[in-house]
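Down below is the structure, laid out as structure tokens.
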Amino acid sequence: RPTGLVICDASGSILFSKSVPGFAMPRFGEACPLWPLFQALNRPLVPIRKRIVQLGRTAAEFDCYAYAWPQSISGYDDAPVYRSVMLVRSVEESPQGRQAVAHVGPSCRVCPNKDCESRREPSILSEGF
């Protein structure tokens with residue numbers, strides 16, 4: 001299956017991204033704060049696996065695997081420098097039971113979810129913009 005990759009630093013800035021068909025990566029600005037990539041930064045050294053649906057034109061499902069780790073630790077008085085990585089894999093159709101799915105967007109600017117509590121800027125898709 002095609003696999004995408006996203007790497008970010010502790011500030012949430014995307015350092016590297018490789019897209020996978022159907023999963024929109026932001027070209028400019030920040031990504032959706034609900035991505036498992038950023039949840040991993042809150043729980044370093046704990047692997048996260050989450051099934052997501054990215055809201056938008058295509059509603060394909062993806063399995064995301066995220067992990068954050070301290071990239072370097074200088075000494076006792078220095079804070080560690082964290083990195084987070086997320087693999088994005090499209091879900092193959094399976095006849096078994098459905099797994100719980102989290103709804104995320106590509107970025108706040110183009111997300112159609114009006115009731116998102118993590119929204120940091122208005123969407124250009126909403127009425128009244």
Test of understanding: clusters of I, L, V, M, F, W, Y form through side-chain heavy atoms closer than 4.5 Å, transitively. Do [X] and [Y] belong to the same one?
X	Y	answer
Y67	F16	yes
V104	F38	yes
L87	I7	yes
M86	Y65	no
L41	V46	no

Do [X] and [Y] come close enough that some side-chain heavy atom pair is under 4.5 Å?
X	Y	result
S90	P2	yes
L45	P70	yes
I14	M25	no
L34	C116	yes

Practice prompt. Output the distance between atom CG (D9) and atom OH (Y82), rounded to the nearest 0.5 Å.
Written response: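 Nearest 0.5 Å value for the CG-OH distance: 13.5 Å.
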Worksheet entry | Between SG on residue C111 and CD on residue Q54, distance to nearest 0.5 Å |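 Output value for this atom pair is 8.5 Å.
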Item to complete: Could I get the full list of ring-ring contact (aromatic ring centres under 6.0 Å, His included) partners for F23, not counting sequence neighbours?
Response: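 By the ring-ring contact (aromatic ring centres under 6.0 Å, His included) rule, F23 matches W35, F62.
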Worksheet item: Other than I48, what residues sit in its cluster of Ile, Leu, Val, Met, Phe, Trp and Tyr side chains whose heavy atoms are under 4.5 Å apart, directly or through others?
Response: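 Reading the cluster by chain and number, I48 sits alone, since nothing else belongs.
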If you take all heavy atoms of [X] and [Y], which pair is closest and at what distance?
X	Y	value
C32	G105	CB-O, 2.9 Å
I52	V101	C-CG1, 3.7 Å
C108	P33	SG-CD, 4.4 Å

Item to complete: Can you run down the salt bridge (charged side-chain N to carboxylate O under 4.0 Å, His left out) pairs that involve residues 28-39, sequence neighbours left out, and say none if there aren't any?
Response: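 Matches after skipping sequence neighbours: E30-R120.
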Worksheet item: Hey, is the main chain of V81 close enough, under 3.5 Å, to the side chain of S72 for a donor-acceptor pair?
Response: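 Pair absent, no side-chain N/O of S72 close to backbone of V81.
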Discussion item. Using the rule side-chain hydrogen bond (donor to acceptor under 3.5 Å, both in side chains), only one of R1, R51, K50 pairs with D63; which is it?
Written reply: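 Considering R1, R51, K50, a side-chain hydrogen bond (donor to acceptor under 3.5 Å, both in side chains) with D63 is found only for R51.
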